[in-house]
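What you are looking at is a predicted structure, and each value in this text was computed from that prediction instead of being measured. Naming convention: chains lettered A, B, ... in sequence-line order (proteins, then strands); numbering from 1 in each chain.
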Amino acid sequence: MPDESRRFITTTIEVEGREETKVVELPGRALAPWEADAALAIVGHPVARVDALEKVTGAAVYTADRVAPGMLHAVLVRSTIPRGRATVDLEPARGVPGFIDAITFNDLPSGSKPVRAGGVRFLDPDVTYAGQPVACVCAETSGQARAAARAVRLSYAPLPGAVTAAQAIAGGAPPVRARGGNVSRSSPVEASRGDVERGLAEAEVVVRGRYTTSSALHTAMEPHGALAEWHGDQLTIHEGTQGIFAVRDEVAAAMGIPRSRVRVVMEHMGGGFGAKNHAGAHTYAAAFLARRTGRPVRCVLDRAGEQVDTGHRAPCTIDVTLGARRDGTLTAIVAAALVDQGISGWEASTTKIFHELYACPNVRTTEVFALSNTHAMAAFRGPGHTEGAFALERAMDELARELGMDPLAFRLRNHADHDQEKSRPYSGGPLRRCLEEGARRFGWEGRHARSEAPGRAETMPGIGERAGTFPAGGPPRWRRGFGLAAQVWPAGGGPPAYATVRLHPDGSVDVLTGTQDLGTGARTIMAQVAAEALGARLADVRVILGDTERTPYTGNSWGSMTTPSVAPAVRMAAEEARQHLLEAASEVLGVERDRLATGGGMITRRDGGDPVPIADITCRLGDVTITGHGSRGPNQPGVAFTTFGAQFAEVEVDTATGHVRVVRITAVHDVGRVLNPLLARSQLEGGIIQGLGLALFEERIIDERLGRPLTTGIHDYKVPTMADIPDIDASCLAAVDTTANPVGARGLAEPPIIPTAPAIANAVADALGVPVNDLPLAPWRILGAIR
Amino acid sequence: MGIAPGAVLDSPARAAYLTTMKLTVNGREREVTPDPVESLADTLRARLHLGGTKVACGRGECGSCTVLLDGRAVYACLTITRACEGAAVTTIEGLAPPGELHPVQRAFIEQDAVQCGYCTPGQVMAAVALLAAEPAPDEPAIRRAMSGNLCRCGTYPRIAAAIRSVAGRGGGTGA
Ligand code: FES
Ligand code: FES
């Protein structure tokens with residue numbers, strides 16, 4: 001901890017691979033970390049989700065379930081062309097029964113900075129992608145609002161555009177937007193260390209490959225939505241968002257009112273995965289229409305709106321060259337990526353992982369962020385690293401093959417034991433432990449013993465109907481393959497994050513912190529940490545999240561930041577409350593404070609007296625409220641707070657149909673202390689299943705001639721179902737990270753999606769004996785690869 | 001078809017010529033006056049204020065709106081209320097008496113078969129229908145019966161474990 005007398009310092013925080021420099025406040029006190037062998041009664045135990053009861057009984061309220069008296073329903077009207085000028089005629093809508101109001105770009109306050117949603121000007125008639133909102137209507141019922149939206153007449157003066165990165169950067173390509181060109185201002189982004197020319201000259205084996213990843217859509221089950229209500233000059237918004245404070249700030253700026261006049265509330269949300277980090281067109285539409293009509297307005301996207309206008313994982317083309325000596329030592333890594341951002345979006349580096357994952361003195365990467373006439377990208381679980389890992393890990397397998405080395409041995413040979421980019425140590429890991437433990441659990445060594453030995457009949461496990469046997473002799477129709485891939489991801493969290501803990505006279509406890517539970521289990525984790533630090537019973541702790549007016553600030557739930565950022569603040573608040581509680585107990589009981597402790601909801605005594613329930617003390621205090629405040633301190637400088645993981649996949653490929661079945665996946669990740677193994681396993685499985693979708697099915701398809709998205713529903717855009725799920729053995733290393741923060745945990749939401757697709761693709765390549773370098777591995781691609 | 005609740009609230013002109021119909025919902029007979037092609041999901045959510053039935057797609061692609069119609073699992077967003085005259089509908093709210101849990105709900109909590117919870121009511125209803133039809137389903141039967149209920153959070157292994165635990169076949173992860 002730096003200079004004790006300073007209250008504010010400048011520090012660096014990593015969010016999804018981006019580094020930000022921020023001034024942060026030092027917490028009032030430093031907490032000693034919970035050591036690896038600390039006897040913890042609640043943290044680290046598999047306690048059930050505290051909000052599971054609400055969710056299994058249907059009592060949990062989401063945005064679309066919220067109804068306000070007099071509420072109107074709003075529906076966005078979208079452009080059907082990707083580029084040009086739309087003329088909006090609202091007149092036909094006004095005659096629809098129930099119609100109340102409608103807005104277009106011209107109805108927005110002029111003079112101020114234009115409101116931006118999804119990277120474009122809100123309701124801009126100069127459209128830059130198909131699906132871009134150009135108007136919003138509201139009506140008494142949602143059916144009437146839909147009818148009114150359909151009645152709006154749009155006419156267009158189309159302009160030529162480009163809907164893929166390749167089209168956008170081709171010579172003579174039309175501009176995709178009015179100003180600024182077809183690549184981002186930062187492009188090309190270059191990064192290098194050492195001398196790759198020399199590295200390639202030293203290489204005895206060189207492999208080259210082109211790898212492509214698809215545009216994946218987040219496809220949260222709950223669509224985006226907001227309910228806006230004005231009370232005088234005070235605006236309240238209910239929205240299922242990953243960042244209540246971000247939405248508050250954006251809406252306040254759009255409305256031209258102080259942040260203190262906007263309250264954003266998020267109790268439950270049906271998934272986010274990165275697509276719900278900001279106010280969107282639906283939010284602004286609800287807020288503006290509510291102000292104009294003087295009535296509450298709810299705007300919830302329909303499924304098509306959700307699939308065409310809420311962001312995507314930027315599709316990439318990555319050219320990779322790797323060089324190594326015959327002994328398997330990497331001498332050069334070169335990568336050039338072309339990323340299709342859509343019309344806008346932040347630049348998630350797909351090449352950073354090339355600098356981090358394996359030891360190599362000579363690395364050079366170039367990245368071009370192209371813009372196209374499709375909706376703006378939005379961070380999607382492990383953005384950039386997931387796409388980069390696919391290219392790098394596929395190339396690593398190709399190189400291992402050329403070298404005649406086992407893929408695992410090749411990776412271990414080039415293991416990076418520290419952060420090479422910044423020459424700093426890792427707080428945890430290193431990766432080696434995940435690779436070795438994963439290989440052991442998977443049975444990597446003996447894997448071929450149960451593979452396609454000719455002549456040996458083997459019944460497929462899993463789905464009965466698809467079970468088959470390997471024929472005796474001849475090339476088998478079903479081929480089995482094995483693959484692995486690894487992951488790194490920065491997930492140390494950081495300030496600012498605040499929490500308050502207060503005790504009621506009956507001994508029950510409130511934890512207040514402005515974070516969000518997307519379904520990750522944050523609410524449960526915070527309850528566990530507070531109960532542990534306070535010595536209370538878990539059942540007595542209630543966690544109140546997601547209210548910009550009533551809960552103290554924390555940042556967006558992104559970048560695997562929530563647990564390592566917020567849990568330390570909650571612990572500190574609870575520790576402070578415990579100190580106050582012990583002082584009060586000392587006064588009430590007439591026992592010296594240092595002879596008192598807390599645990600299991602009791603004040604325990606070292607003076608021979610019987611333990612006393614906490615409630616007995618707080619009850620004696622009456623309305624004198626014991627309160628503790630906590631905040632997240634800065635990270636220790638000079639250390640990389642990275643997560644590690646390795647995944648191993650076994651697949652079966654039907655060479656007649658091109659169908660890939662993933663038989664099993666073993667995942668071992670190092671995320672520091674596991675605060676709740678039940679929830680950790682769910683997060684790992686969830687990430688792996690989304691990674692499996694990316695590997696096998698998921699792809700937004702745009703008609704390249706018309707520029708319109710064809711995947712407008714979950715029927716066209718395929719996400720995994722229960723029938724697609726392999727046996728998953730997902731676990732975390734027991735590796736408490738006392739350097740990271742006082743609870744010893746790093747983040748774990750994003751790491752598990754990163755290595756899944758390359759592990760599966762490596763297994764498919766192993767099965768077929770040919771490279772498979774394009775995602776998703778749809779049957780037509782598999783058949784193309786083997787013919 | 002309807003996407004959100006409130007799609008179909010009565011207008012006086014409609015109410016004048018549409019007849020009321022009877023529907024038994026969670027054991028209670030209810031009288032409703034739905035529009036001719038109103039979906040059961042809209043009727044439940046907007047007219048009967050039963051918000052537990054979620055509508056994630058509104059077009060039969062996801063299963064989040066699954067309810068029981070005379071004991072069988074159906075997509076409420078694709079079921080026309082007027083075709084359900086006299087039928088018994090069970091929603092997540094009516095699965096167990098207030099304050100109690102159906103064994104499937106309890107298993108979902110114990111096995112952590114819940115993340116964001118948006119798909120959960122539909123998953124629970126589909127699992128209840130499966131176990132009613134087939135008290136000890138094997139792994140392929142579980143996968144077949146549940147593959148019409150999407151979960152983007154990826155709770156599938158936990159849901160399968162929850163169903164196995166209720167079916168009394170142990171809680172392991174293997175087939
Ligand atoms: S909402 Fe009915 S199937 Fe999706
Ligand atoms: S728990 Fe989130 S969609 Fe299933």
Side-chain angles (χ1 to χ4, degrees), chain A residues 48-49 51-62 64-65 67 71 73 97-98 140-143 146 219-223 268-271 273 300 302-303 461-465 518-521 678-679 681-682 685-690 713-715 719-723 725 727-729, chain B residues 2-9 11 35 45-46 50-59 61-62 64 91-93 95-96 101 105-106 108-110 112 114-121 124 138-140 142-144 146-160 173-175:
Chain A
R49 234 170 249 269
D51 49 10
L53 180 67
E54 275 176 273
K55 290 175 174 176
V56 301
T57 54
V61 174
Y62 300 78
D65 306 331
V67 181
M71 183 177 82
H73 299 259
E140 295 285 351
T141 72
S142 68
R146 281 199 305 277
T219 319
M221 282 294 113
E222 180 197 25
H268 292 293
M269 69 187 286
F273 314 116
V300 176
D302 61 13
R303 180 48 58 184
I463 305 169
E465 303 96 301
L518 285 60
T520 52
L678 204 58
L679 305 194
R681 181 179 59 188
S682 290
E685 289 175 346
I688 290 164
I689 289 167
Q690 279 182 352
I714 334 179
H715 182 71
V719 301
T721 74
M722 193 186 276
I725 301 311
D727 273 354
I728 300 174
D729 169 22
Chain B
I3 301 289
V8 287
L9 295 179
S11 68
D35 284 355
R45 287 178 58 85
L50 294 168
T53 300
K54 302 298 180 217
V55 177
C57 74
R59 49 198 216 185
E61 299 175 343
C62 75
S64 69
T91 70
I92 190 76
E93 290 91 346
L95 200 51
L101 290 176
Q105 290 172 310
R106 191 168 309 116
F108 266 57
I109 297 176
E110 286 165 5
D112 201 40
V114 182
Q115 290 189 38
C116 77
Y118 210 72
C119 72
T120 306
V124 168
D138 59 9
E139 199 68 18
I142 293 174
R143 286 170 172 241
R144 196 168 38 235
M146 298 302 295
S147 64
N149 287 75
L150 301 182
C151 173
R152 190 53 161 163
C153 298
T155 57
Y156 301 126
R158 302 298 110 218
I159 292 173
T173 53

Within this structure, what is the SG-CD1 distance for the pair Cys151(B) and Ile689(A), rounded to the nearest 0.5 Å? 7.5 Å
Ignoring hydrogens, what is the shortest heavy-atom contact between Lys55(A) and Gly117(B)? Give both atom names and the distance. CD-CA, 3.8 Å
Could you tell me which of Ala48(A), Gly519(A), Gly98(A) has the largest number of non-hydrogen atom pairs under 4.5 Å with chain B? Gly519(A)
Does any heavy atom of chain B fall under 4.5 Å from the side chain of Met269(A), the backbone, both, or neither of them? backbone
Between Cys153(B), Gly52(B), Pro121(B), which residue shows the highest count of heavy-atom pairs closer than 4.5 Å to chain A? Cys153(B)
Residues in salt bridge (charged side-chain N to carboxylate O under 4.0 Å, His left out) contact with Glu54(A), at least two apart in sequence or another chain: none
Rounded to the nearest 0.5 angstrom, the OG-CD1 distance for Ser147(B) and Ile725(A) is 11.0 Å
Please classify the contact of Ile109(B) with chain A as side chain, backbone, both or neither, using a heavy-atom distance under 4.5 Å. both
Are the side chain of Arg49(A) and the backbone of Val114(B) linked by a donor-acceptor contact shorter than 3.5 Å? yes
At a heavy-atom distance under 4.5 Å, which candidate from Ala220(A), Gly270(A), Ala59(A), Gly687(A) has the highest pair count against chain B? Gly270(A)
Any donor-acceptor N/O pair, Arg45(B) side chain to Ala64(A) backbone, under 3.5 Å: yes
Heavy-atom contact with chain A under 4.5 Å, split by part of Leu101(B): side chain
At a heavy-atom distance under 4.5 Å, which candidate from Gly686(A), Gly521(A), Ala60(A) has the highest pair count against chain B? Gly686(A)
State, yes or no, whether a side-chain contact exists between Arg681(A) and Arg158(B) at a heavy-atom distance under 4.5 Å. yes
When rounded to the nearest 0.5 Å, the distance separating CZ of Arg152(B) from CD of Gln690(A) is 4.5 Å
Calculate, to the nearest 0.5 Å, the distance between atoms CE and CG belonging to Met722(A) and Leu150(B) respectively. 11.0 Å
Is it the backbone or the side chain of His715(A) that comes under 4.5 Å from a heavy atom of chain B, or both, or neither? both
If you round to the nearest 0.5 Å, how far is CG of Leu53(A) from CZ of Arg106(B)? 10.5 Å
One option among Gly271(A), Pro97(A), Pro720(A), Ser682(A) has the most heavy-atom pairs under 4.5 Å with chain B, and it is Ser682(A)
The interface call for Leu679(A) against chain B, heavy-atom contacts under 4.5 Å, is both
When only pairs under 4.5 Å are counted, which of Leu678(A), Leu518(A), Ile714(A) shares the most heavy-atom pairs with chain B? Ile714(A)
Interatomic spacing from CD in Glu685(A) to CD in Gln115(B) - rounded to 0.5 Å: 8.5 Å
Taking the side chain from Tyr118(B) and the backbone from Pro223(A), do they hold a donor-acceptor pair closer than 3.5 Å? no
